[in-house]
There are 2 protein chains.
Amino acid sequence: MWAVTGPEKPRRTTAQDVAAPKRTSGATAPAPPRRTAPEPARRTAAPEPALRASAPRKTRATVHDVAAAAGVSRGTVNRVLNGGYVSTDARAAIEAAIAQVGYVPNRAASNLARQRSQAVGFLALEPHSLLLEDPNIGAIMLGANAALSLADHQMVSLVIDSDRDTQRVGRYLSGGFVDGAIIVSARSHDPITRLIAEIGLPATFVGHPPDLARTIPFVGIDNVGSARAITGRLMQTGRQRIGMIAAALDRDSGADRLTGFKEALGDRFDPQLVADVPLYDYAYGVKGMRALLDREPEIDGVFAASDAVAAGALETLREAGRRVPEDVGLVGFDDSSWALRAQPQLSTVHQPAREIGRTAAESVLQQIGGVEPVELSVLLDSPVVWRHSA
Amino acid sequence: MWAVTGPEKPRRTTAQDVAAPKRTSGATAPAPPRRTAPEPARRTAAPEPALRASAPRKTRATVHDVAAAAGVSRGTVNRVLNGGYVSTDARAAIEAAIAQVGYVPNRAASNLARQRSQAVGFLALEPHSLLLEDPNIGAIMLGANAALSLADHQMVSLVIDSDRDTQRVGRYLSGGFVDGAIIVSARSHDPITRLIAEIGLPATFVGHPPDLARTIPFVGIDNVGSARAITGRLMQTGRQRIGMIAAALDRDSGADRLTGFKEALGDRFDPQLVADVPLYDYAYGVKGMRALLDREPEIDGVFAASDAVAAGALETLREAGRRVPEDVGLVGFDDSSWALRAQPQLSTVHQPAREIGRTAAESVLQQIGGVEPVELSVLLDSPVVWRHSA
DNA sequence: CCCTAGTGTGTGCCCGTTCACACATTCGTC
DNA sequence: GACGAATGTGTGAACGGGCACACACTAGGG
């Protein structure tokens, strides 16, 4: 505790006392005033202790304060904070001083000087409502947020729902408010995607990147392979007439799942047995299943493109008097809460949403750090989990 | 476009050319160089056009650039940006210049000068997993995010799951990283709550504030009243033995719903008919319903503390051979997707989660703006919605 | 004619941190 | 004993924007 224990360190000096010229004190040449000497003349007893009573005066401590308390210069404090040559006792003194004055770096100042923002945008190109419905997005967000927090970055979530949003977010992105971006559910030819490529913002897609941006890394799962796997298992258990409720074919995930389904079936694939609906949604599950039942009453296996769709299908099958899994085997995709809530519980593909978020965040962080990604794509494991519906 | 159309504006000058002393140019006295004169000597043709080839050199435009392009001073630019006396043609010129050079204010610089962060923390004192399960929190978050974005604030979501998190977030809050906070699901005696009160951070609770912090505003719904209303309706429709699956009694929402239930029943309240479970959760719904059926096989009305709980109860009733609503009337709370997915769809209390988030954000924003809240509490409407389960 | 009020405008300094540079000290080596 | 590297340390200038102040010009009143 060799530091100034005097309670005062007046900041916000008045015009007058600054008027005295910049401290051209004795030793202009930096004869390092070995900290071990008690360092006189701290000019602690400056004027104006008045007006202190009003409020607790929450002026935060700065590097200057730390430097003064430790008897070193700002530069040295900075060096213990950000690395560099520092002697062990200077380091100790500074660390003590930091604790003593309760120093916390000012992020705005740091960002300004370093020319960055320590923030990463989480872009969801999705109507608000769907954002809530989709159980995966929330988990991805949480995973990303956790990873970002760990690396001392903020996550700012940018939901793009309308064209006005597109403009706002565009400004945001090009305005240097974020150092990078995580993009979920981008569609082809999205203006935002193009913008990101143009300004060269570090970014990572979740799911396949749309056509144009072949240079932007992405993380996801092997939708084709997983769809093939779960369909294959449906075949092995003896189902003869296997159909699919395909959804969101304008999204890579939707298209890929259909591809996997086709691949698994091979010769046995019958386009008649594919119902095609726009969204991963319970209501569309109902619709799709009705279509399938209409076309092929003998159907005994169904792959639904998501658990929500499967839940709708399940209800429809029940209404139509089909037992699951006895009469019809049904499988979903996502391993969301739908799968567990269904009766019977759904066999499905586990999607490691949290991990996906984390991985995407780490990828962006790496790019921000200047590391060129070796692999453009990261595919996470998405194992099939067998429960009772097939 | 009367401004410099030359493509160059070299920033990052080298040490040498700065060596020439601070521009002590001719007219030190501010003889205002009427903008209408073409303003010579823009020193556009500075040295070093070299090394331009490597990268697009994304130096952003600053107020200086705008000022130069418009032929005015920084101060004036600032004035059109933030209000003040500006002549109409100066304003026009500056606005044109802004568009021309593509000026976007630098947030870090602005924040530094203004001593604030333009960020609001969204504190969830909740394990990660529960955060995902609870359909309300997501909607609250989205609502808050939307309102914050509109006011040009960032939302940084801070999930507190462990003690380590508490420390990290504590640093965050006291470090001036945020100007305010929205706090969801705070429990009594939470260290974070105390911290916020201590440092006087503008904050708003979602739901009742815990005991100690009577000075912090909150927004929520009238849990007591809504519980009373929905229970009352159960009574009016002739149910004789009405029970409740109460959950999360350590939270204000949980406790209040039980209170409303008691109030509605009055004399007819029978403590035997309350099953008390720790969490708003499907599994606990199952458990609670079993307990109730054990204690009172004649039960014909059940108020579940949330839709998820109700869904569990519904399943249990089905297994026990009770028909809903014929044998037993069942109601939930939240109006979440559980209510719609259930078969039959649940009668429940609509919770305007999105609105709650928006309102909380606006409250915090107001406090940041220095407006003392007139009403400490804002209670939003939470109407009962009748569907098929009772 | 001077003074004042109202309206515009330019300039210097400050916010708190980082970075590059200048310089000091110590040690080993030819 | 001079030299250079390695290791420490202090200092001045940014970073980009906000703010207070000084000042200029115009009108109007005494």
Side-chain angles (χ1 to χ4, degrees), chain A residues 11-15 18-19 22-25 27-35 59-67 70-91 93-94 103-116 175-176, chain B residues 11-16 18-19 21-25 27-35 59-67 70-91 93-94 103-116 175-176:
Chain A
R11 318 198 69 250
R12 307 289 160 182
T13 48
T14 67
V18 168
K22 350 31 179 334
R23 111 203 53 116
T24 338
S25 56
T28 299
R34 264 356 294 212
R35 180 184 52 280
T59 31
R60 284 171 53 196
T62 74
V63 251
H64 294 85
D65 299 322
V66 174
V72 296
S73 75
R74 298 161 12 238
T76 309
V77 175
N78 194 356
R79 253 163 249 132
V80 346
L81 258 20
N82 301 316
Y85 293 127
V86 189
S87 65
T88 41
D89 47 339
R91 161 162 279 122
I94 290 169
Y103 171 71
V104 180
N106 180 317
R107 189 153 193 155
S110 169
N111 288 350
L112 174 60
R114 285 192 163 136
Q115 307 265 71
R116 49 146 178 62
Chain B
R11 319 203 66 251
R12 304 287 158 183
T13 49
T14 66
Q16 286 91 317
V18 166
K22 342 54 175 316
R23 108 204 56 115
T24 336
S25 60
T28 298
R34 258 6 286 215
R35 176 185 57 277
T59 32
R60 286 169 52 197
T62 74
V63 249
H64 294 84
D65 300 321
V66 174
V72 296
S73 76
R74 299 159 13 233
T76 308
V77 175
N78 196 351
R79 252 163 251 131
V80 346
L81 259 19
N82 302 315
Y85 291 128
V86 189
S87 64
T88 41
D89 45 341
R91 159 164 281 123
I94 290 169
Y103 170 72
V104 179
N106 180 317
R107 188 152 193 156
S110 168
N111 288 349
L112 175 59
R114 286 193 159 130
Q115 307 266 67
R116 50 149 177 64

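All values below were derived from every heavy atom in this structure, side-chain atoms included, with hydrogens, water molecules and symmetry-related copies excluded. In this text the structure is predicted, and so the values were computed from the model without any measurement. Reminder, nothing fancy here: chain letters follow the sequence lines and each chain counts from 1.
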| query | Is there a donor N/O on one and an acceptor N/O on the other, under 3.5 Å, for the side chain of B:Arg74 and the base of D:dG18? | reply | yes
| Mind checking what makes side-chain hydrogen bond (donor to acceptor under 3.5 Å, both in side chains) contact with A:Asn106, not counting sequence neighbours? | none
| query | At what angle, to 10 degrees, do the two end axes of the helix from C:dC1-D:dG30 to C:dC30-D:dG1 meet, given five pairs define each axis? | reply | 70°
| query | What does B:Asn111 touch in the nucleic acid at a heavy-atom separation under 4.0 angstrom: a base, only the sugar-phosphate, or nothing? | reply | nothing
| message | Tell me the interatomic distance from A:Asn106, atom CG, to C:dG16, atom P, rounded to whole angstroms. | response | 7 Å
| message | What contact category does B:Val77 fall into here, base, sugar-phosphate, or nothing, at under 4.0 angstrom with non-hydrogen atoms? | response | nothing
| message | Could you report the tightest heavy-atom contact between B:Ser73 and B:Ala67, atom names first, then the distance? | response | C-CB, 3.7 Å
| task | Write down the atom of A:Tyr103, the atom of A:Leu81, and the distance for their closest heavy-atom approach. | result | CE2-CD2, 3.8 Å
| field | N/O (side chain, A:Gln115) to phosphate O (OP1/OP2, D:dG16) under 4.0 Å | value | yes
| request: Would you please name every residue forming a side-chain hydrogen bond (donor to acceptor under 3.5 Å, both in side chains) with B:Arg116, sequence neighbours left out? | output: B:Asn111
| More 5' along DNA chain C: B:Arg79 or A:Arg114, using each one's nearest nucleotide? | B:Arg79
| request: Assign each of B:Leu112 and B:Thr88 to its nearest nucleotide of DNA chain C by heavy atoms, then name whichever residue's nucleotide is nearer the 5' end. | output: B:Thr88
| request: Using the test side chain to side chain contact (heavy atoms under 4.5 Å, CB included), find all partners of A:Val86 that sit at least two apart in sequence or belong to another chain. | output: A:Thr76, A:Arg79, A:Val80, A:Ala90, A:Arg91
Please tabulate, one pair per line, each protein N/O and nucleotide N/O from nucleotides 4-7 of chain D that are separated by under 3.5 Å, including the distance.
residue: D:dT7; atom: OP2; partner: A:Tyr85; partner atom: OH; Å: 3.3

| Can you tell me if the side-chain N/O atoms of B:Asn82 get under 4.0 Å from OP1 or OP2 in D:dG18? | yes
| message | Side chain of A:Thr76 only, heavy atoms from C-beta on: which candidate in C:dT9, C:dC15, D:dT9 is closest? | response | D:dT9
| message | Using the rule side chain to side chain contact (heavy atoms under 4.5 Å, CB included), only one of B:Val66, B:Asp65, B:Thr62 pairs with B:Val77; which is it? | response | B:Val66
| query | Checking all strands, does B:Asn78 fall into the base, sugar-phosphate, or nothing category for heavy-atom contacts under 4.0 angstrom? | reply | base
